[in-house]
Amino acid sequence: MDMNLGNCPRCGRLFAKNFRDLCPSCMKDIEAEYEKCLEYLREHKSATMIELSEATGVTTRQITKFIKEGRISIANNPNMMYPCEVCGVLIYEGNMCDSCRNRLARDISAATREEEAKAANQEDRRNGGAYGVVDKFRAPER
């Protein structure tokens with residue numbers, strides 16, 4: 001029987017890997033942190049991420065994970081915003097703000113156009129450029 005063992009990325013303990021890739025102890029801790037957050041947010045719907053973190057002792061990183069996983073609802077807690085992973089501006093969903101997402105899309109589009117132009121240029125060189133070249137000095141093939 002092959003057991004899939006690994007070290008927990010949170011605490012470092014060896015454990016039999018599961019669907020969450022965390023040891024049972026850390027999974028239990030995270031669930032307890034989640035419950036603390038929910039309890040606090042029931043009473044303080046307008047709390048910010050920092051207020052929630054300070055009141056519960058749960059890291060802002062873990063709270064952000066709860067939001068991204070859809071476990072903490074932004075609809076019910078309008079001030080529960082977290083930083084864009086690129087520029088740090090506060091956002092409600094995803095990993096990037098609209099501005100960074102648009103910049104990334106423009107950069108990808110520009111890079112794609114550049115690659116297409118390079119490929120077309122190389123194709124032209126392989127085919128002798130825009131004009132065909134005829135070797136006048138070679139005897140015609142029969």
Side-chain angles (χ1 to χ4, degrees), residues 1-138 140-141:
M1 184 167 94
D2 182 28
M3 286 201 75
N4 196 4
L5 297 176
N7 290 82
C8 177
R10 197 164 187 246
C11 70
R13 283 186 223 130
L14 189 65
F15 75 107
K17 284 196 169 188
N18 55 46
F19 70 101
R20 297 263 323 256
D21 279 337
L22 291 171
C23 73
S25 176
C26 285
M27 281 178 39
K28 192 188 290 184
D29 291 348
I30 288 173
E31 286 310 306
E33 289 178 351
Y34 175 65
E35 289 301 322
K36 272 190 208 172
C37 289
L38 283 188
E39 276 179 41
Y40 186 81
L41 288 172
R42 276 188 204 111
E43 302 296 317
H44 307 89
K45 290 194 181 302
S46 64
T48 65
M49 170 98 58
I50 302 297
E51 291 168 350
L52 178 60
S53 178
E54 288 173 355
T56 60
V58 178
T59 65
T60 55
R61 186 175 184 191
Q62 185 59 57
I63 295 168
T64 300
K65 271 188 179 178
F66 291 147
I67 295 169
K68 287 181 179 179
E69 292 169 353
R71 297 180 77 189
I72 290 180
S73 164
I74 298 301
N76 297 337
N77 309 98
N79 294 327
M80 204 48 51
M81 300 167 78
Y82 53 92
C84 165
E85 290 181 6
V86 179
C87 71
V89 71
L90 294 178
I91 57 176
Y92 288 108
E93 63 185 4
N95 297 323
M96 284 185 252
C97 66
D98 288 341
S99 173
C100 289
R101 195 175 10 262
N102 291 339
R103 188 174 337 111
L104 179 63
R106 279 193 310 271
D107 291 351
I108 289 172
S109 168
T112 302
R113 281 193 305 274
E114 197 174 298
E115 285 301 312
E116 287 170 351
K118 277 184 194 172
N121 203 3
Q122 287 175 346
E123 187 66 28
D124 284 348
R125 273 194 231 122
R126 259 187 261 130
N127 293 334
Y131 303 100
V133 177
V134 177
D135 187 351
K136 287 185 184 180
F137 302 106
R138 197 165 57 163
E141 291 178 24

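Owing to the predicted nature of the structure, the values given are computational and were not obtained by experimental measurement. The analysis underlying the following values was restricted to heavy atoms, covering all of them including side chains, and did not include hydrogens, waters or symmetry mates.
Considering every non-hydrogen atom in both A55 and Y40, the closest pair reads CB-CE1, 3.3 Å. Between P9 and D21, the shortest heavy-atom distance links the atoms CD-O, 3.2 Å. Between Y92 and P78, the shortest heavy-atom contact is CE2-O, 3.0 Å. Nearest heavy atoms, C37 versus I63: SG-CG1, 4.0 Å. Pairing each heavy atom of L41 with each of A47, the nearest pair is CD2-CB, 4.1 Å. For the pair M49 and Y82, the tightest heavy-atom approach, listed with the atom from each and the gap, is CE-CB, 3.3 Å.
Each side-chain hydrogen bond (donor to acceptor under 3.5 Å, both in side chains) pair with one or both residues in residues 6-18, not counting sequence neighbours, appears once here: R10-E33, R13-S25. Applying the salt bridge (charged side-chain N to carboxylate O under 4.0 Å, His left out) test to residues at least two apart or on different chains, none of the pairs has a partner in residues 46-66.
The shortest side-chain heavy-atom distance between M80 and T48 does not fall under the 4.5 Å cut-off. Looking only at side-chain heavy atoms (C-beta outward), Y34 and I72 come within less than 4.5 Å of each other. Within the 4.5 Å cutoff, side-chain heavy atoms of I30 are placed close to those of Q62.
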Carefully, step by step, assess I74 and E93 under the rule side chain to side chain contact (heavy atoms under 4.5 Å, CB included). CA-CA 9 Å; I74 298 301; E93 63 185 4; over 6 Å; no

May I have the step-by-step check of side chain to side chain contact (heavy atoms under 4.5 Å, CB included) for C87 and S99, ending in yes or no? CA-CA 9 Å; C87 71; S99 173; over 6 Å; no

I'd like to know whether M81 forms a side chain to side chain contact (heavy atoms under 4.5 Å, CB included) with I67, so could you lay out the CA-CA distance, the side-chain angles of the two residues, the decisive distance to 0.1 Å, and finally the verdict. CA-CA 9 Å; M81 300 167 78; I67 295 169; over 6 Å; no

Side chain to side chain contact (heavy atoms under 4.5 Å, CB included) assessment of L52 paired with V58: CA-CA 8 Å; L52 178 60; V58 178; over 6 Å; no

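N102 CG to D107 CG: the interatomic distance, rounded to the nearest 0.5 Å, is 11.0 Å. How far CD of E31 is from CD of E35: 7.0 Å, rounded to the nearest 0.5 Å. Distance check, rounded to the nearest 0.5 Å: CG of D98 to CZ of R103 gives 12.0 Å.
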Name the atoms and distances for all side-chain donor-acceptor pairs under 3.5 Å in residues 108-116, with sequence neighbours left out.
residue : atom : partner : partner atom : Å
S109    : OG   : R113    : NH1          : 2.7
T112    : OG1  : I108    : O            : 2.8

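The local environment of NZ in K28 is sparse, with at most 12 non-hydrogen atoms from other residues, nucleotides or ligands closer than 6.0 Å.
Proximity of a side-chain donor or acceptor of N121 to a complementary backbone N or O of A117 within less than 3.5 Å is not detected.
Side-chain contact check for N79 and K45: no donor-acceptor pair (N or O, by modelled atom type) lies under 3.5 Å.
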